[in-house]
2 protein chains.
Amino acid sequence: MFQLSKRVEYGLIALSHMAKGQLGQIYTAKEVSERYNLPYDLLAKVMQKLAKRGFISSYQGVRGGYTLVKHPVTLTIASVVDAIEDRPSFAIMQCESHPADSCTIHKQCTIKDPLLKLQGSINKVMEEMTIMELV
Amino acid sequence: MFQLSKRVEYGLIALSHMAKGQLGQIYTAKEVSERYNLPYDLLAKVMQKLAKRGFISSYQGVRGGYTLVKHPVTLTIASVVDAIEDRPSFAIMQCESHPADSCTIHKQCTIKDPLLKLQGSINKVMEEMTIMELV
DNA sequence: CCTAAAACGGACTATTATTGTCGTATTTAA
DNA sequence: TTAAATACGACAATAATAGTCCGTTTTAGG
Ligand code: SF4
Ligand code: SF4
């Protein structure tokens, strides 16, 4: 519980790697996966998603790869997590990340409202750290 | 990812319920499970663990049950989570909650150190909210 | 003493989420 | 034309969580 998924970790590693180099430099998934010993297929998917979400742009074909689009300072951990995960991602309560009625006790639950405050604090923490601090 | 476990939620619900009443009042697991529609067996285990960790004290036998021992203001979310989960509980990185070498890329990983700062912020948030705010 | 209600605790199953893999299609520089 | 790359979809393997079952122990009260 409360652990960053590997997908997110791989995404953060890839982004921080790209943030090290010059703006506009092209990196391939293979290159990153070998450099950090990450499973290629999984990393590839993560980078594809980051591309789809506009964090990096992709170039197909032989000398293809990815380049960082946004400036590292503007890339918060929160935004990266949100991009990679499909659901409202660091929701600490099931009723926030899933349909509310998927929690069988939603109606009787007395803690969901007060916990929203905790959620807010966590959101803030995740929004305050950026990829810049990872390089 | 990043979701409180049901065990923790049930524990928080139980504690907040007990915090509502008078100090020293006895509550049974059955009573709580019926009041909030929680699966009895699972809740029972959670309360047993809370008893073992000294958050509540238990009385066996016919008119037995649990009473709240610590004052709600001193019961932080962090301490409750730690009591219920076995591992360092809201560790955001596998290498912190599991043996470090269980992460195959631990050695090459460049994000683990910077992420400790994030971890610290999250710890703080979890330590600042108490059961008192749930009643 | 007997009974019933409660905590205690171990083992197990079911369900779900995550992680990793595979196969194939598409694009494109050289 | 080829090879290197992204792009997708489907799948399998693994692990974590949730929930269940079954028994033991304790003890107040009749
Ligand atoms: S309703 Fe209460 S228990 Fe169900 S998910 Fe939301 S917070 Fe957790
Ligand atoms: S080493 Fe890096 S990747 Fe492995 S768990 Fe720790 S942080 Fe995550």
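Every chain is numbered from 1, with letters handed out A, B, ... down the list of sequences.
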Report the residue (A:G65 or A:F2) whose heavy-atom-nearest nucleotide on DNA chain D is the more 5′ of the two.
-> A:G65
Look at B:S58 and C:dA6 and indicate whether a side-chain polar atom (N or O) is within less than 4.0 Å of OP1 or OP2.
-> no
Axis deviation across the helix from C:dC1-D:dG30 to C:dA30-D:dT1, five-pair ends, to the nearest 10° = 0°
Not counting sequence neighbours, which residues clear salt bridge (charged side-chain N to carboxylate O under 4.0 Å, His left out) with B:E85? List them please.
-> B:R7
When you measure from every atom of DNA chain D, which of residues 12-32 of chain B have a heavy atom less than 4.0 Å away?
-> none
Least distance between heavy atoms, A:T74 atom then A:K70 atom = OG1-CB, 3.8 Å
Below 4.0 angstrom, N of the basic side chain to O of the carboxylate: do A:E9 and A:K6 qualify?
-> yes
Say whether B:V81 and B:M129 are linked into one hydrophobic cluster, either directly or through other cluster members, by side-chain heavy-atom distances under 4.5 angstrom.
-> yes
What are the two closest heavy atoms between B:Y66 and B:A44, and how far apart are they?
-> OH-O, 4.3 Å
Non-hydrogen atoms of B:G65 and B:I26 that approach each other most closely | CA-CG2, 3.8 Å
Whether each nucleotide of nucleotides 11-19 of chain C has a protein heavy atom under 4.0 Å at its base (B), only at its sugar-phosphate (S) or at neither (-) is summarised, 5' to 3', as B-----SSB
To the nearest Å, give me how far apart NZ (B:K49) and C1' (C:dG10) are.
-> 13 Å
Using a heavy-atom cut-off of under 4.0 Å over every strand shown, decide if B:K52 touches base, sugar-phosphate, or nothing.
-> sugar-phosphate
Any side-chain heavy-atom pair of B:T76 and B:E128 under 4.5 Å = no
Flag yes if B:I105 and B:M93 sit in one hydrophobic cluster, no otherwise; membership is Ile, Leu, Val, Met, Phe, Trp, Tyr, and two members link when side-chain heavy atoms are under 4.5 Å apart.
-> yes
Give the rounded distance in Å between these two atoms: CG of A:D41 and P of D:dG9.
-> 15 Å
Could you state the atom-to-atom distance from CE of A:M47 to P of D:dT6 in whole Å?
-> 7 Å
Grab the CZ-C1' distance between A:R53 and D:dA7 for me, whole Å please.
-> 14 Å
Quickly work out the B:I84 CD1 to D:dA18 P distance and round it to whole Å.
-> 11 Å
List, one per line, each side-chain donor-acceptor pair under 3.5 Å for residues 114-123 of chain A, sequence neighbours excluded.
| unit_1 | atom_1 | unit_2 | atom_2 | d |
| --- | --- | --- | --- | --- |
| A:K117 | NZ | B:E133 | OE1 | 2.6 |
| A:Q119 | OE1 | A:I92 | N | 2.8 |
| A:Q119 | NE2 | A:F90 | O | 3.0 |
| A:Q119 | NE2 | A:N123 | OD1 | 2.9 |
| A:S121 | OG | A:K117 | O | 3.2 |

Within the structure, does a side-chain N or O atom of B:Y66 lie under 4.0 Å from either OP1 or OP2 of C:dC8?
-> yes
In whole angstroms, the gap separating C1' of C:dA7 from CG of B:L50 amounts to 14 Å
Which is it for B:V32 and B:Y10 under the side chain to side chain contact (heavy atoms under 4.5 Å, CB included) test, yes or no, and what are the steps along the way?
-> CA-CA 10 Å; B:V32 174; B:Y10 297 164; over 6 Å; no
How does protein reach along nucleotides 25-30 of chain C, written 5' to 3' as B (base within reach of a heavy atom under 4.0 Å), S (only sugar-phosphate), or - (no contact)?
-> -BBBB-
On a heavy-atom basis, the closest approach of B:I13 and A:C109 is CD1-SG, 4.4 Å
Using distance alone, with no hydrogens and no angle criterion, decide if B:H17 and B:Y36 have a side-chain donor and acceptor under 3.5 Å apart.
-> yes
Which heavy atom in B:H106 sits nearest to a heavy atom in B:C95, and how many Å separate them?
-> CD2-CB, 3.5 Å
Give the cluster check for B:L15 versus B:V135: same hydrophobic cluster or not, with ILVMFWY residues linked at side-chain heavy-atom distances below 4.5 Å.
-> no
B:Q48 has an atom CD; how far is it from atom P of D:dT25, in whole Å?
-> 15 Å
